Amino acid sequence: MFSRKVFLAFYVLMLQALSTANENTSTNACMTTETSTDAKTSTYTTDVKTSTYTTDVKTSTYTTDTTDVKTSTYTTDTTDVETSTYLTSTAPMTTTRMNSNNSVNLEDNETEDQASFNYRGMDAGYTDLSLDIGDSYESSVIPYCEGSDKVTVTIDMVIRQLINLDEPEQILVLSAWMRWGWFDCNLVWNVTDYNGTNKIILPIESVWMPDISLYESVAEEFFGLLDYRAIIHSDGTVRYTFPTKLETFCQLDVSRFPFDSQICTLTFGSWVHNGFEIDVTSLVSKVDLSQTKENAEWSITKGEIVRHEVIYGCCPEPYPDVTVYVYMKRKPTGYVINIIIPSMLVTSIAILGFILPVDSGEKIGLQLTVMLTISVFQMLVAEKLPPSADVEPLISTFLKFTLVLSGGSTLMQVLVLNVYYKGHSKMPKTVKYYILQPLSVLTLVPIPGMKNHICKSKPDTQLVKLFHGMTGRKSPSNDITMEPNDPDLWMYLSVILDRLGFGLFVLILISGTAHIFVRMNTE
């Protein structure tokens, strides 16, 4: 009995000693790392991937130094199994890595069949081709190819919209799509070497591009030239299509304004390379106008593309270019309604100045108003057109013509007023018999009581009575054949001058206007 108690006491002491040793070992550890993760058991086969998941698995690793590693497994109870099992097959494992640039690399026994999958329309052959081009291609050097001593560049254009034609500055602004193409022997590849890839799209900065310039450009840059991508085919053909805005100088001929048509030229060519290095041409002879939008003032009727070779004074080599001729026709309706018709109506009002009686006091005022109005129309036209000393628009000629005609009618009215109020002076016989009498016959104004040495006719008694009634003078009915006095003769002469001026004004206005508009339609 005594020995059993001694044995139990000895057993308890041994357990306490072991417990104390374990605590000391845990306390004196220099580096302690504890990780707790949920283990996933994965099985990789050639075509099938199977994953098996276990629960409540905790693994703790205690490291005292770089050499002593102790691994302990803790369980929640005696029934939980805490193990991780990785099932592998004898077949090699294949992994796929996606790079940051969306390119695909295959590792660990990759095969051609496994590389044929697509990612957003791109495949491994496409990616390998872009990498090879980027590694071995020099985009800053002109591609000189065997069997060809120069690079041929094709230039075609689609006119999208006529944005503006600044006539005073003579600047044309077009929205267009440029279509360029050339052959680059350094961009030829075998389609079968790159998984059937027969074309690739790259930024234009990645490939060589000809230095095509617009010779008549007034802009600081060629808009959109370096902002888009080129299509490169396996045979070395490069197609570059990009939208742009062209600002170019255009010499205008406004002689038939507003019934004019204009031809603007756009010349494209290499700025540095001559014709022995770069040749420019066009695939078609017409500009594509199928996508052109209508302009409010101009309509583009057609566009032609012509190739030229020019030898400049600086250099003996030829410099080829492609010249685009843009034919435009103005829509004159707005100018006819707002300028031509109002100016003609205002000019016609000047005729009323010859009908107004002298006593109204508005004859000269009306003519001056007409002159000022025509001057306003002339200023409107001058602001619209470029200042040129070589060519004058016919509409400006018409306005100047009407302005001069109105000035002449004003002078005529001044003469009429001067004659009308010369009653205090005696009319010379020369004026009476060689001016007054012939003009009275010409203008159908008979002068009662005056012997007509040119045409023997009886005076119109009714006209005599009417005239004396208007002037406030009494004329006895039995004495209508008496020759009128000098004040009456001066008034008769003023009426004759009014009629004469009226006839001349209408005749000159009709003939001059007809002549100007005939020139507008024939030139």
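The first residue of the sequence shown is numbered 1, and numbering continues consecutively from there. Quantities reported herein were computed from a predicted structural model and do not represent experimental measurements.
- Considering W180, W177, F223 in turn, W180 is the only one that fulfils the ring-ring contact (aromatic ring centres under 6.0 Å, His included) rule with F242.
- E294 places no side-chain N or O within donor-acceptor distance of the main-chain N or O of S299, the cut-off being under 3.5 Å.
- Judged by distance alone, the side chain of Y144 and the main-chain N or O of E277 form no donor-acceptor pair under 3.5 Å.
- Remark: side-chain polar atoms of S217 are not paired, donor with acceptor, to backbone N or O of L214 under 3.5 angstrom.
- Under 4.0 Å is where a charged nitrogen must lie from a carboxylate oxygen, and between E297 and K384 at least one such pair does.
- Judged purely by atom type and a 3.5 angstrom limit, Q262 uses its side chain to pair as donor or acceptor with the backbone of D253.
- Between L399 and I374 the shortest heavy-atom distance is O-CG2, 3.5 Å.
- In the model, T323 has a side-chain atom that pairs as donor or acceptor with a side-chain atom of D321 under 3.5 Å.
- Using a 4.5 Å cut-off on side-chain heavy atoms (C-beta onward), T248 and C250 make no contact.
- Side-chain atoms of R160 do not come within 3.5 Å of backbone N or O of K293 as any donor-acceptor pair.
- Summarising the geometry of F276 relative to K150, their closest heavy-atom pair is O-CB, 3.4 Å, with the distance given to 0.1 Å.
- Of all heavy-atom pairs spanning L225 and Y240, the tightest one is O-OH, 2.6 Å.
- Between R179 and L283, the closest side-chain pair of non-hydrogen atoms is not below 4.5 Å.
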Starting from the C-alpha separation in whole Å, work towards a yes-or-no answer on side chain to side chain contact (heavy atoms under 4.5 Å, CB included) for V336 and F259.
-> CA-CA 9 Å; V336 171; F259 303 98; 3.8 Å; yes
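- The nearest pair of heavy atoms linking S270 to Y215 is O-OH, 3.2 Å.
- Residues V207 and Y137 form a side-chain contact, since some pair of their non-hydrogen atoms from C-beta on lies under 4.5 Å apart.
- Judged purely by atom type and a 3.5 angstrom limit, S282 uses its side chain to pair as donor or acceptor with the backbone of I155.
- Proximity of a side-chain donor or acceptor of E247 to a complementary backbone N or O of I171 within less than 3.5 Å is not detected.
- A donor-acceptor distance shorter than 3.5 angstrom exists from the side chain of T301 to the backbone of Y327, with no hydrogens or angles considered.
- In terms of modelled atom types and a separation under 3.5 Å, the side chain of T513 and the main chain of I510 share no donor-acceptor contact.
- Across all non-hydrogen atoms, the minimal contact from D184 to V188 is O-CG2, 4.0 Å.
- Between A230 and I204, the shortest heavy-atom distance links the atoms CB-CD1, 3.8 Å.
- In this structure, N295 contributes its side chain and L162 its backbone to a donor-acceptor pair below 3.5 Å.
- Under 3.5 Å, the side chains of S139 and E205 contain no donor-acceptor pair of N or O atoms.
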